[in-house]
Amino acid sequence: MTSSPVTVPAVDPAALRAAHLAQLFVHVPDPRKARGKRHPLPAILALCVAAVATGAQSVYAIAEYAADVGTTLLKALGLGGSVPSEATLRRVIEALDAEILSLICGAWLRVRAITNAGRLVIALDGKTVRGARDAEASAPHLVAAFTHADGIVVGQTQVDAKSNEIPATQRLLGLMDLNGVVVTMDAMHTQTVTATQIIDQHGDYVLTVKANQPSLYRALKALPWRDIPATTAADLSHGRRVRRTTQAVTAPTWIEFPGAKQIVKVRRTRIAHSKKTIEVVYLISSVSMTDAQPAVIAGWVQGHWSIENRLHWVRDVTFDEDRQRLRTGTGPAVMATLRNLAISLHRLAGATNIAKAIRNTARDINRAIKLLLTT
């Protein structure tokens with residue numbers, strides 16, 4: 001579980017823009033007692049990130065990488081010293097505050113993120129680390145904040161035991177700077193409290209309305225859609241035909257949802273393997289039609305699901321996350337954060353295939369050093 005309450009160390013945005021990643025690790029709180037420490041935390045984190053960026057899937061694999069190239073890597077980063085043992089790496093990984101590590105690195109990544117239709121658009125969605133389940137507790141469930149345009153992770157938190165994604169997502173949003181950000185989430189998060197929080201933090205939202213909000217759903221469905229012009233776009237990729245018909249209207253004053261400015265109806269007609277399916281989705285957004293046309297809103301919702309195949313799928317398949325058995329302390333969340341960071345660094349360096357980027361980095365230590373010296 002994450003610690004509570006969390007206080008994220010303040011880092012000057014100018015320093016974030018100027019610093020390379022390895023320099024940022026000095027802001028991560030060290031969970032160890034001062035007495036007996038032999039290895040500085042920035043050196044340990046640098047080794048962990050470099051190892052995971054080359055494909056290390058476990059603490060033991062990180063230790064093997066550190067033993068092979070640790071001295072060379074640390075000297076190149078100006079963090080020269082002895083290489084920590086597997087036991088030291090494990091103790092640190094199992095005690096670090098994963099949420100603070102993720103948010104500090106996420107703040108560094110955010111100033112390097114690219115925008116989507118002139119806005120920074122972030123998807124929030126959860127994933128369970130199934131391999132970390134034990135006999136006494138359920139597997140950790142982690143909510144990540146993921147940028148649509150470039151596929152980097154700018155924050156992550158763990159869902160508390162006996163809770164669900166909604167309060168965890170609200171918690172993560174509260175720890176992030178949402179000024180100028182558009183947040184996309186699935187229908188579970190179409191909650192008035194969440195919408196109010198995003199608006200209060202000077203952000204915007206695009207939310208899907210389904211039957212979990214029956215009154216709102218009925219109100220949106222009852223709007224005079226027959227009288228509203230529609231635009232249609234076709235997609236013939238991946239061996240299927242998808243036609244999306246989009247309509248939008250300024251949110252009526254009687255729609256009781258915080259900050260609502262635009263209602264969008266999207267009708268998807270999909271033909272694959274000679275089978276036709278039709279789906280109608282209603283969207284509600286705090287972004288006005290002047291600032292974002294309906295097609296842009298629909299595109300943001302479509303882009304939301306990139307978190308599934310560009311983050312969750314990569315962690316599962318490329319890093320084999322669901323079969324990793326680390327279960328102690330914050331270890332599962334810290335390892336997930338390291339995987340998020342490795343994926344983000346590769347994307348920041350221009351990678352479009354993470355598995356290929358990992359293989360390339362594993363062949364040459366200078367490539368790992370270059371990732372850690374990214375500014």
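In what follows, every heavy atom counts, from backbone to side chain, and hydrogens, waters and symmetry copies are set aside.
Put simply, the side chain of D160 never gets that close to the backbone of S163: no donor and acceptor are under 3.5 Å apart. In this structure, Q247 contributes its side chain and I228 its backbone to a donor-acceptor pair below 3.5 Å. Here the side chain of R119 pairs no donor or acceptor atom with the backbone of V182 at under 3.5 angstrom. The main-chain N or O of A355 is never found under 3.5 Å from a side-chain atom of T318 such that the two would form a donor-acceptor pair. Side chain of E321 to main chain of R339: no donor-acceptor pair is present (N/O by atom type, distance under 3.5 Å, no hydrogens or angles). Listed for the Q293 side chain is a donor-acceptor partner under 3.5 Å among the backbone atoms of M289.
Of the candidates V121, V154, I114, V154 is the only one forming a side chain to side chain contact (heavy atoms under 4.5 Å, CB included) with T147.
A donor-acceptor pair shorter than 3.5 Å can be found between the side chains of T184 and H148. Checked by atom type, the side-chain pair N179/D177 shows no donor-acceptor distance below 3.5 Å. When only modelled atom types and interatomic distance are considered, Q170 and T194 share a side-chain donor-acceptor pair under 3.5 Å.
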side-chain contact (heavy atoms from CB on, under 4.5 Å) between M335 and V129, worked out: CA-CA 10 Å; M335 287 300 298; V129 185; over 6 Å; no
M185/L207 under side-chain contact (heavy atoms from CB on, under 4.5 Å): CA gap, chis, key distance, verdict: CA-CA 6 Å; M185 292 178 283; L207 301 171; 3.8 Å; yes
Residues L341, L109; criterion side-chain contact (heavy atoms from CB on, under 4.5 Å); working and verdict: CA-CA 9 Å; L341 184 55; L109 288 162; 4.0 Å; yes
Residue pair L41, L96: steps toward the side-chain contact (heavy atoms from CB on, under 4.5 Å) verdict: CA-CA 10 Å; L41 184 64; L96 269 177; 4.2 Å; yes
Got a list of side-chain donor-acceptor pairs under 3.5 Å for residues 45-74, not counting sequence neighbours?
from	atom 1	to	atom 2	distance (Å)
T54	OG1	A50	O	3.4
T54	OG1	A51	O	2.7
S58	OG	A61	N	3.1

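By the 30° and 60° cut-offs, the orientation of the rings of Y282 relative to W225 is tilted.
For R267, the CZ atom is loosely surrounded, since the number of other residues' heavy atoms within 6.0 Å does not exceed 12. No more than 12 heavy-atom neighbours from other residues, nucleotides or ligands sit within 6.0 angstrom of CZ on R243. Applying the 6.0 Å contact sphere to NE2 of H20 captures more than 12 heavy atoms from other residues, nucleotides or ligands. The 12-atom threshold is not exceeded at CD of E256, counting heavy atoms of other residues, nucleotides or ligands nearer than 6.0 Å. For K37, the NZ atom is densely surrounded, since the number of other residues' heavy atoms within 6.0 Å is greater than 12.
By the salt bridge (charged side-chain N to carboxylate O under 4.0 Å, His left out) test, R32 is found to be paired with D30, residues two or more places apart in sequence or in another chain being considered.
In this structure, R310 does not pair ionically with D150, as no charged nitrogen and carboxylate oxygen lie closer than 4.0 Å. Residues D316 and K127 are paired through a salt bridge, judged by an N-O separation under 4.0 Å between the basic side chain and the carboxylate.
Scanning both residues, G126 and E165, for their nearest heavy atoms gives CA-OE2, 3.3 Å. G151 and I343 make their closest contact through O-CG2, 4.4 Å (heavy atoms, listed as atom of the first residue, atom of the second, distance).
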